Student: 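Before anything else, here's the structure in question.
Residue numbers begin at 1 in each chain, while the letters A, B, ... track the order of the sequences. These numbers were taken from a predicted model, which means no experiment stands behind them.
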2 protein chains.
Amino acid sequence: MAQKVKLSTIADELGVSTATVSLALRDSPLVADQTRDKIKQTARDLGYIYNRRAASLRTSRSGIVGVCVHDVMNPFFGEILKYVEHELDRRRQTFILSNHYDDLSKQRAFVDTLLQLGADGLILSPAVGTPAADIQLAEGNDLPTVLIARTIEGAGVCGFRGDDAFGMALAVDHLIADGHRAIAMVGGTEQTSTGRDRAAGWRSALRKAEIEPRPEWRIEGPRSRDAGFQAGLAFAKMDDRPTAAVCFSDLVALGFMYGLARAGLTPGSDIAVIGYDDIEEAGIATPSLSTVSNGQAEVGHRAAGALLDRLAGNPPSEETVLIRPTLKIRDSSRFRG
Amino acid sequence: MAQKVKLSTIADELGVSTATVSLALRDSPLVADQTRDKIKQTARDLGYIYNRRAASLRTSRSGIVGVCVHDVMNPFFGEILKYVEHELDRRRQTFILSNHYDDLSKQRAFVDTLLQLGADGLILSPAVGTPAADIQLAEGNDLPTVLIARTIEGAGVCGFRGDDAFGMALAVDHLIADGHRAIAMVGGTEQTSTGRDRAAGWRSALRKAEIEPRPEWRIEGPRSRDAGFQAGLAFAKMDDRPTAAVCFSDLVALGFMYGLARAGLTPGSDIAVIGYDDIEEAGIATPSLSTVSNGQAEVGHRAAGALLDRLAGNPPSEETVLIRPTLKIRDSSRFRG
DNA sequence: CTGAAAGCGCTTACAG
DNA sequence: CTGAAAGCGCTTACAG
């Protein structure tokens, strides 16, 4: 390939200085219109490619925002990311995506990479067990951070997530109103705020109705479709099986329904199932999945917005914004207790 | 925050030169062990962060690899990416991910960003209608490119994908052997190599069995779960409905089965369905989905490997590697024609 | 409105 | 084994 074209190539070609070329290409009003047009045309003709590393070294802004979640293949995160992507795109920020798979060392390696690249910000759904110090390390090195989906005590940064306890209680209240008394909760762990809060919502809604949740109703663990499937198979064989189940997520619920079906039960007719998240698939699943709408669009938009605000120089907020979930009743919870 | 720590901060602290610090941190054998240890310790103590922009400006290697696919939420791509990620991780390459949603201008913007960042390479599943010139632009500007899943005529770069025509014929042959004579093909378009080749495989397998595919058996278009669902609803109402359907992808097939079920048919009992890709969900779907295993692991590994090879200085290959698919029979194709 | 010069933080010959 | 100096390609005061 030909010699690399840089600012000075254009400057030499036109007999102007690199300063003028630099300003012209960025549409500075300091440059005369005619000069600007000539410069831009020449840049195009020569196939000039802007060197962001050089610019960023000088300006110490990179135009890069890092996004790190448990797994982008999880449609819940995928849907949030779609909105984040859309916001960042509009502001011409490049986004770098990484999965941490709840592995703290992977998350740390990613944050380190962002620091090395001089990234402008980070949107993070923190891995299980992330200490507040990790967030402070990022912030302390000029990497503004916004949390999504999960929160960390004492991290001192802003975050956006659904009101998980409230949302799960909504689902359980509905089932109780439909006559169910034995309601299981499938999936999630105590190690994330999401898992804890949803289980707490389930438990407190039961108690409010003067039902004491039995230990075997809490099927802890599953967070994937596959784990949900296994739980469904096992659930079908339970003695004294609950008549309804709320699930940690739609993904778990969809797997759970596959498992129930595989074991010969018909979800929606033999047992009521409610998911959490309202991912797109919930509406077309058969039976369609009743679920708690968890505001992915709002989380994505607002998290990106909050980060862009900070990049624009506005003061950081430390607030965790709880987005209010709503219940979506479909066919999977038709069965009445 | 404190003054930024850089190489010269460490050098000053220890009374050595920045050259020595630079070499020491990269474990150069030129530096005495004792000096190296002292330098590394000081770097840690001061909280030094390596500035990759500066390094990359100097060395013109960035350690960044771009990956661009239609949609990371599509499990087929997601599974490939998992393997790509794994390979790149091992070689300490940072990967930047982007969706192009089959929008050529989004794809171009991403490639441009990579060029500006001085990325070392690109792994691309090209958007519908990508001209060979786009690939050559990347290559011409020192951005080695490897294609996955889809191929482009005359692009002159290496690529990895399944043998789509062969794979689809495998599925159709199986259905014919099971007694089916009327076999639909649901989803995919003529505008991607994938869509064309799979449809060609379906058509030629039918003809080999002396069955002339009827136009209404080819349900073109659907490539998402949702579109598959709609196709399932419509399919159930067809006059003279085929007894079997092969689908463009598992995602389409799973949506299609949801649609059939919604319309009151039982996939696997009332109609045979076969998908394509063998994504993880295929095994737990109920009925479990018969499908064509499309080698995501191999595509991911080999594409990353080929790119890393080129980065290591090996000569480029222009070969398109066709990975041989295999048929996985499960319950969704139990029904016999 | 335009130019000359310094500097962002590294790495790499080169010299010793 | 270590140091002094140049240079990667930009942007930003500053001067005119």
Student: Indicate whether OP1 or OP2 belonging to D/dT2 is found under 4.0 Å from a side-chain N or O atom of B/T20.
Tutor: no

Student: Any sub-3.5 Å donor-acceptor pair from B/Q191's side-chain atoms to B/V128's backbone N or O?
Tutor: no

Student: Roughly how far, to the nearest 0.5 Å, is the CD1 atom of B/I96 from the OG atom of B/S62?
Tutor: 8.0 Å

Student: Please check: side-chain N/O of A/Q107 versus main-chain N/O of A/A127, any donor-acceptor pairing under 3.5 Å?
Tutor: yes

Student: Without decimals, in angstroms, what is the distance between B/K6 NZ and C/dC8 C1'?
Tutor: 8 Å

Student: When the ring planes of B/H86 and B/H301 are compared, do they come out parallel, tilted or perpendicular, using 30° and 60° as the limits?
Tutor: perpendicular

Student: Expressed as a whole number of angstroms, how long is the span from A/N51:CG to D/dG7:P?
Tutor: 18 Å

Student: Within the structure shown, what part of the strands sits under 4.0 Å from A/G15 by heavy-atom distance: base, sugar-phosphate, or nothing?
Tutor: sugar-phosphate

Student: What is the distance from CZ of A/R58 to P of D/dC10, rounded to the nearest Å?
Tutor: 13 Å

Student: A/L117 CG to C/dC10 P: how many Å, rounded?
Tutor: 13 Å

Student: Among C/dG9, D/dT11, C/dA4, which nucleotide sits nearest the side chain of A/A19?
Tutor: C/dA4

Student: More 5' along DNA chain D: B/T18 or B/L57, using each one's nearest nucleotide?
Tutor: B/T18

Student: Any sub-3.5 Å donor-acceptor pair from A/S22's side-chain atoms to A/T18's backbone N or O?
Tutor: no

Student: What is the distance from CD of A/Q116 to P of C/dT11, rounded to the nearest Å?
Tutor: 11 Å

Student: Less than 4.0 Å between a side-chain N and a carboxylate O, is that true for B/D102 and B/R150?
Tutor: yes

Student: Give, ordered by number, those residues of residues 21-46 of chain A having at least one heavy-atom distance below 4.0 Å to an atom of DNA chain D; if nothing qualifies, reply none.
Tutor: A/S22, A/R26

Student: Separation of B/L115 atom CG from D/dC10 atom C1', in whole Å?
Tutor: 17 Å

Student: State whether A/Y48 places a side-chain N or O below 4.0 Å from either non-bridging phosphate oxygen (OP1 or OP2) of D/dG9.
Tutor: no

Student: Whether the side chain of B/E153 engages the backbone of B/A132 through a donor-acceptor N/O pair (distance < 3.5 Å, no angle test) should be reported.
Tutor: no

Student: A quick test of your reading: do over 12 heavy atoms of other residues, nucleotides or ligands sit less than 6.0 Å from OH of A/Y83?
Tutor: no

Student: Report the distance from atom CZ of A/R52 to atom C1' of C/dG9, rounded to the nearest whole Å.
Tutor: 19 Å

Student: Picking from D/dG7, C/dG9, D/dC10, which would you name as closest to the side chain of A/L7?
Tutor: D/dC10

Student: Using 30° and 60° as the class boundaries, would you call the ring planes of B/H70 and B/F77 parallel, tilted or perpendicular?
Tutor: tilted

Student: Reading DNA chain D 5' to 3', how would its secondary structure be written in dot-bracket notation, given Watson-Crick and G-U pairs with both distances under 3.5 Å, brackets [ ] for crossing pairs and | for partners on other strands?
Tutor: |||.||||||||.|||

